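Counting from 1, the numbers follow the sequence of the chain as shown. All figures in this text were calculated on a predicted structure; none of them were measured in a lab.
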Amino acid sequence: MREALRGLTTRGRSFLAAAAAAGISAIILGERDLLRVAVLLAALPLLAAAYVGRSRYKLACTRSLDPGRAPVGSSARVILRLQNMSRLPTGTLLLEDRLPYALGSRPRVVLERLGAHQASSVAYTVRADVRGRYPIGPLVIRLTDPFGLCELTRSFPSVDKLVVIPQVVTLPTVRLAGEYAGTGDSRARSVAVHGEDDAATREYRRGDDLRRVHWRSTARTGELMVRREEQPWESRATVVLDTRVFAHRGEGPTASFEWAVSAAASIAMHLRQQGYKLRLVTGSGIDIDAAEAAGEGVILDTLADVTTAQNGDISILVEQVRRRSDGGLVIGIFGSLTVPEAELLAGLRGNGATCIGFAIDSSTWVNLSPGERQESDSEHAAAALALVQNGWRSVPVVHGSTLPQLWPAAARGSSGFAWRAAMAETVGGVIR
């Protein structure tokens, strides 16, 4: 009962105050009718408190998120299902789901009545413009009487997580050089697709079917060669994300770092769909493989949480990638680089790796004076050229660039040509 009295609303407390004033006035004036009014005014909130305090509802709540992994800028639907597990009907219920500030204001829904073993569902929409993991809940239920004189709060302990992932854009399909590396049998190349001249062959072994003999290879090598059913090579790619805080500029969802994270997610998803065995490395110490079926979810969840590192260094990033160099394709998304840092990236070209670098000119995300702009452009061009001279295929990125427009430059034949062509398409600091 004490808890119920503490739950009296402003209206209920006003009734008690009016009852006290009426009672004192009745005693002073000797008015018995006024005393009856005082008793009635006091009885109403007390009866409401007793009614609400004795309510012992058995309620079950489930919450579902659709989708549970939402891209930046999109909406997610939260569905609450409340079921009355007891034989007694409920009174009026006020539902309030607790949300972080980034998801908007707390939704409030009124349920008039739930009958015995009856269930009801309500839904609301949330939207986030910043990556991250956001807790949704716990659900708070406010029990009240029909007159609104008393209100008690109950809460469910369950909390769900909404993962807001970076925006993933669709990339055009292009043929990337250096896509095959290493050994394994995860990627088969069909002779019917690639042609007889491109058939994978090996030396003849006793017991092999003579119908699999590849005569052109036999004539070329002077040894009996047979076709392989699968080529023991696989497509491997390493996506490298530069997280140095001083290499990126801008604030909030429009910062250059957010462009880099979205690019890393888009490239990773594109390569996964193309059948690549993928590895993601960031300057903040993240190093994950995405070879399993759930690899896409792991990558997106990881990139939802990634942040800039205060003490990042290109040499540390290079060393981290080289700890387990698989060769194949290396695609780096870098913030602003200096010429020495671009030269350090030459260390990633070991083991026959093909390196493609998206060099972000983060200075274009802020306003600079004409002199500062000219100096910054010169430094960025020198760093991009240093990448090319060290064997990278460099694709410059400025504010306003879109990854689908830049992606074909990653497939052009020579690194120098890709850099010069991309620079030639730059007009006023924006890639056409």
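Atom CD of E96 and atom OG1 of T153 lie 8.5 Å apart (nearest 0.5 Å). Note that CZ of F156 and CG of D97 are 10.5 Å apart. Values are rounded to the nearest 0.5 Å. Here the CZ atom belonging to F358 is positioned 10.0 Å from the CZ atom belonging to R393, to the nearest 0.5 angstrom. Atoms CD1 and CG, from I165 and L303 in turn, are 9.5 Å apart once rounded to the nearest 0.5 Å. Rounding to the nearest 0.5 Å gives a distance of 6.0 Å between CG of L337 and CG of L345. Distance check: T221 OG1 to R216 CZ gives 14.0 Å after rounding to the nearest 0.5 Å.
In this structure a side-chain-to-backbone donor-acceptor pair under 3.5 Å is present from T364 to D361. Between the side chain of S262 and the main chain of W259, no donor-acceptor pair closer than 3.5 Å is present. In this structure, R127 contributes its side chain and G73 its backbone to a donor-acceptor pair below 3.5 Å. The backbone N or O of A304 lies less than 3.5 Å from a partner atom in the side chain of R131, making a donor-acceptor pair. With hydrogens and angles ignored, the 3.5 Å screen pairs no side-chain donor or acceptor of T354 with any backbone N or O of L329. Side-chain atoms of S74 do not come within 3.5 Å of backbone N or O of A70 as any donor-acceptor pair. Side chain of W407 to main chain of P172: a donor-acceptor pair is present (N/O by atom type, distance under 3.5 Å, no hydrogens or angles). In this structure, T9 contributes its side chain and L149 its backbone to a donor-acceptor pair below 3.5 Å. Using modelled atom types, no side-chain atom of E379 and backbone atom of S336 make a donor-acceptor pair closer than 3.5 Å. No donor-acceptor pair under 3.5 Å is formed between the side chain of S401 and the backbone N or O of V397.
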- [ ] Check the pair R279 / V281 against side chain to side chain contact (heavy atoms under 4.5 Å, CB included), numbers first and verdict last.
- [x] CA-CA 7 Å; R279 179 187 176 201; V281 180; 3.5 Å; yes
TODO: Take I267 and I333, measure what side chain to side chain contact (heavy atoms under 4.5 Å, CB included) needs, and give me the verdict at the end.
DONE: CA-CA 10 Å; I267 292 172; I333 301 98; 4.2 Å; yes
Task: Pair L241-F334, side chain to side chain contact (heavy atoms under 4.5 Å, CB included): steps then yes or no - done: CA-CA 6 Å; L241 176 62; F334 303 109; over 6 Å; no
Task: Trace of the side chain to side chain contact (heavy atoms under 4.5 Å, CB included) decision for T282 with V240 - done: CA-CA 6 Å; T282 73; V240 182; over 6 Å; no
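Side chains of V122 and L95 form a contact here, defined as non-hydrogen atoms less than 4.5 Å apart. The closest side-chain heavy-atom distance from I79 to Y124 is not below 4.5 Å. By the 4.5 Å heavy-atom criterion applied to side chains, V164 and V130 are not counted as neighbours. Between V126 and L162 the shortest side-chain heavy-atom distance falls below 4.5 Å. Under the 4.5 Å side-chain criterion, counting only non-hydrogen atoms from C-beta, M269 is in contact with I299. For the pair P45/C150, no side-chain contact is recorded, criterion being any heavy-atom separation below 4.5 Å from C-beta on. Side-chain contact between I141 and L111 is absent, with no heavy atoms from C-beta onward closer than 4.5 Å. Under the 4.5 Å side-chain criterion, counting only non-hydrogen atoms from C-beta, S120 is not in contact with L82.
Look at R63 and D160 and you find a salt bridge, because one of the NZ, NE, NH1 or NH2 atoms lies within 4.0 Å of a carboxylate O, short of that distance. Checked for salt-bridge contact, R244 and D313 miss the test: no charged N lies under 4.0 Å from a carboxylate O.
Between H248 and F257, the angle of the ring planes goes over 60°, which puts this pair in the perpendicular group of the 30/60° scheme.
Nearest heavy atom pair, residue A359 against residue L387, reads CB-CD1, 4.3 Å. Taking every heavy atom of both residues into account, H117 and Q83 meet most closely at O-NE2, 4.1 Å. T243 approaches S284 most closely through the heavy-atom pair OG1-N, 3.1 Å. Scanning all heavy atoms of the two residues, the minimum distance from P253 to D129 falls at CG-O, 3.3 Å. Of all heavy-atom pairs between L8 and A49, the closest is CD2-CB, 4.3 Å. Smallest separation of non-hydrogen atoms from G104 and L99: O-CB, 4.4 Å.
With 3.5 Å as the limit, one finds a donor-acceptor pair spanning the side chains of S363 and R373. Side-chain contact annotation: S86 with N84, donor-acceptor N/O pair under 3.5 Å present. Side chain to side chain, S362 and S256 fail the donor-acceptor criterion of an N or O pair below 3.5 Å. Side chains of S75 and T125: a donor-acceptor N/O pair is absent below 3.5 angstrom, by distance only. Checking E372 against S369 by side-chain atom types alone, a donor-acceptor pair falls below 3.5 Å. Looking only at atom types and distance, the side chain of Q405 has a donor-acceptor partner in the side chain of T402 under 3.5 Å away.
Evaluated for a side chain to side chain contact (heavy atoms under 4.5 Å, CB included) with D301, the options E296, R69, K161 yield exactly one hit, R69.
Heavy-atom contacts from other residues, nucleotides or ligands closer than 6.0 Å to CD of Q374 number 12 or fewer. Counting non-hydrogen atoms of other residues, nucleotides and ligands closer than 6.0 Å to CZ of R133 gives a total above 12.
Judged as a side chain to side chain contact (heavy atoms under 4.5 Å, CB included), and not counting sequence neighbours, the contacts of E343 are V339, N390.
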